[in-house]
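These notes are about the structure you will find just below.
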Amino acid sequence: MRAQNRQAKSLYHRGWSVTQIAAELGVNANTVQSWKVRHKWDDDSPLEVVEDHLELAIATYLVKEPLTEGDMKRVDFLMRQMERAARIRKYNETGKEGDLNEKIGRRNNDEAKAKRAEKRKNHLTQEQWAALLDDFHEKNDAYQDGWWAQREQRTRKILKSRQIGATWYFAREAMAKIAEAVLAGEQPRNQIFLSASERQAKKFIREITGWVKRVTGVELKGNPVMLDFSGLHPADEAAGTAEIRLDDVGLYPVSTNSNTAQGETGDLYFDEFFWVHGFRQLRKVASAMATLTSYKRTYFSTPSTKTHEAHAYWSGEEWNRGRKRDKQRQFDVSHRNLRHGAIMPDGSWCQIVTLDDAIAGGAGARINKEELRDECSEEEFENLYNCQFVDDSESSFPFSRIAPARVDSFQRWRDFKPALVEMPGGRPFGDKPVWIGYDPNKQGRDDAALVVVAPPEQPGKGKFRVLEKLRMNGRNFAGQADAIKQVCARYNVQDIAIDTTGHGLAVHELVSHWFPRVRRIDYSVASKTALVIKGQHVFSAGRIEFDENWTDVMAAFMAIRPALTASQRGVTYIAKRNGEIGHADVAWAILHALSNEPLDAGTTSEATGGAIVKIYS
């Protein structure tokens, strides 16, 4: 009976009447009519009618004997039509174009999506963005959590100690802000990193790419790095939500060349702003990058000097300048007021984070305060770690005199390969000549510095370049001599100058065994004066360069100042260390090396000249 019912329905859809169908099948017409009514033949959709015809045709061919090659081709054609009809039926149920078009379906299946995500450049999934945000919060110390809590401030100005992970933190903060926005389905902002050099600015990108690779396995590429958010928030028909499309954003490293540090807009991070040239002009450029109120500006740095252009911006002097007296406001920038951060009259959120603050905030496991103190003069330590500005008005080497010597050595010195410094047998400067200056520890104190200086090709007319600087702490005189020998092995050393005060005499004696021409510098009022005068002349003439990221070298030179001798009858030069004389070791080491050039070299009255206190063993 079921087979007759099925056949009757097929004949009805082909246009047969109930009476004709009954006669064809040999059944009562009332029976056929009841089938028609009960199974609602008239309600069948066109698709169902077509499927019925296809099914019958295929069945007819499959029972045919013999089945010819032509019959098999017809069956194949009809089966493909059945598949197409099935796709139309599924499309009618889901409305998804991929159910109707096989190619679209293949493009949008899970395997295809996984392959596209793998090939997509700089694309992270929602799960990966969430993993970054979790890792970010897990690794922060308490004082860094405080910075995060203030991330929506329009302007943040942070005076901070060295070596407390500020660059590391703010690089990750920039990505964490993007992650936060992406996970909320909101449009992220570009992140711009402005620093004293392009290399330092790119340090932010290196921190970010290394972190992302470690946490997610994704390798970010490009300069700038452009982040792709496509497909992160697809439409959800069940929930009735449309697709959220987010525009790509970039991570832009920018140097402090005011001619090129512009063009992009976004959140700005200005690193070491107290150590850059032309801060006032650069701040105008920086402000333009973050003109819209939705963009955030973060300035952070160790302090330099009170005469630096940025000091007036920090202290409020610039804001009050030109305002009527009754409109001026006091900026309390004391550590007591800013230890936990405070809003200043200009609307900026300001904070001071000293080394002790960082240690109390969770960084103690990474910081050896006593070791850092031993490496610095008292004034250097207060400047670099206790956030005290240097008053260089009395310095023998004020900021304005030594700042022009700072260069982007990575870009400028093409003949120097710093990567070879740590490589066994490496020759970072080839066979070109260098001079070495060494300032040993004094009376067993834990501080010593060595510098490698490339002299000018023509005495008195070219530039000195400080290629390398090393701290040699925790070593006795024999260990210091061995360290000097190891450095000499990678350079063509033409001169070594050693201060023979304290342990320096023993170091000098050991070095003389394998470098007989080592110069001995005996400190006296006359010799120290000659060293300082020579250094002042070299800096004033613009004849020396060192890497612009070496703020410790800047601080060391600024710490040197004239002082009366014990007899009050003469003038010597000192750098205070707990009230003692003779520190700023890296600066003195550079002055020792420079002293190999005659004092009057390059002057209009140049004569036969002579190096300072040049004594051979």
Side-chain angles (χ1 to χ4, degrees), residues 1-120 125-127 185 230-245:
M1 185 66 70
R2 182 176 182 280
Q4 284 183 322
N5 187 337
R6 179 75 180 76
Q7 189 176 5
K9 178 179 177 180
S10 179
L11 292 171
Y12 181 77
H13 284 324
R14 277 182 275 175
W16 289 40
S17 68
V18 170
T19 304
Q20 291 172 325
I21 296 171
E24 176 69 19
L25 299 179
V27 297
N28 190 285
N30 291 332
T31 302
V32 175
Q33 181 64 28
S34 68
W35 289 344
K36 173 189 171 185
V37 174
R38 188 184 319 133
H39 298 292
K40 300 178 180 179
W41 291 352
D42 288 331
D43 292 340
D44 288 345
S45 67
L47 180 61
E48 290 174 310
V49 174
V50 170
E51 286 178 321
D52 180 70
H53 293 338
L54 289 171
E55 182 181 340
L56 183 61
I58 293 170
T60 302
Y61 277 112
L62 290 178
V63 298
K64 181 183 177 185
E65 290 289 350
L67 189 66
T68 65
E69 182 178 350
D71 294 333
M72 288 188 287
K73 289 181 178 180
R74 291 184 182 92
V75 169
D76 179 64
F77 168 76
L78 293 170
M79 288 297 297
R80 281 186 275 117
Q81 302 314 304
M82 284 287 288
E83 291 176 3
R84 188 170 184 182
R87 288 186 175 278
I88 294 173
R89 179 178 294 280
K90 192 171 183 181
Y91 172 73
N92 288 336
E93 295 173 355
T94 66
K96 294 181 179 179
E97 191 175 355
D99 293 331
L100 188 63
N101 189 320
E102 184 178 3
K103 292 182 180 180
I104 294 177
R106 284 197 298 266
R107 287 203 301 266
N108 292 327
N109 63 25
D110 291 341
E111 183 180 355
K113 288 179 180 178
K115 287 183 179 179
R116 286 200 300 274
E118 184 177 345
K119 292 181 179 180
R120 192 177 296 162
T125 64
Q126 286 202 46
E127 291 75 14
S230 59
L232 282 179
H233 297 280
D236 187 341
E237 293 185 6
T241 58
E243 178 184 5
I244 300 175
R245 297 184 179 182

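Note that the coordinates shown come from a computational prediction; the quantities given were computed from them, not determined experimentally. Here, residue 1 is the first one in the sequence, and each next residue gets the next number.
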Distance-minimising heavy-atom pair for Tyr12 and Lys36:
OH-CE, 3.2 Å

Counting only heavy atoms not in Met72, do more than 12 fall under 6.0 Å of its CE?
yes

By side-chain hydrogen bond (donor to acceptor under 3.5 Å, both in side chains), Glu127 pairs with (sequence neighbours left out) Thr125

Do side-chain atoms of Arg74 reach the backbone of Gly70 as a donor and acceptor pair under 3.5 angstrom?
yes

Could you go through residues 17-28 and list every donor-acceptor pair under 3.5 Å that involves a side-chain atom there, pairing it with any protein atom two or more places apart or in another chain?
from, atom 1, to, atom 2, distance (Å)
Ser17, OG, Gln20, N, 3.2
Ser17, OG, Gln20, OE1, 3.3
Gln20, OE1, Ser17, N, 3.0
Asn28, OD1, Asn30, N, 2.6

Distance (rounded to the nearest 0.5 Å) between Leu78 CG and Leu54 CG
6.0 Å

To the nearest 0.5 Å, how far apart are OG1 in Thr31 and CD in Gln4?
9.0 Å

Minimum heavy-atom distance Glu48-Arg89, with the two atoms named:
CG-NH2, 3.6 Å

Presence of salt bridge, Arg80 and Asp76, under 4.0 angstrom
yes

Would the distance check show the side chain of Asp71 and the main-chain N or O of Thr68 forming a donor-acceptor pair, the cut-off being under 3.5 Å?
yes

If I compare all heavy atoms of Leu232 with all of Gln126, which pair ends up nearest, and what's the gap?
O-NE2, 2.7 Å

Of all the heavy-atom pairs spanning His233 and Glu243, show the shortest one and how long it is.
O-CG, 3.2 Å

Give a yes or no on whether Arg14 atom CZ has more than 12 heavy-atom contacts from other residues, nucleotides or ligands under 6.0 Å away.
yes

Atom pair CD/CD1 of Glu83 and Ile88 - distance to nearest 0.5 Å
12.5 Å

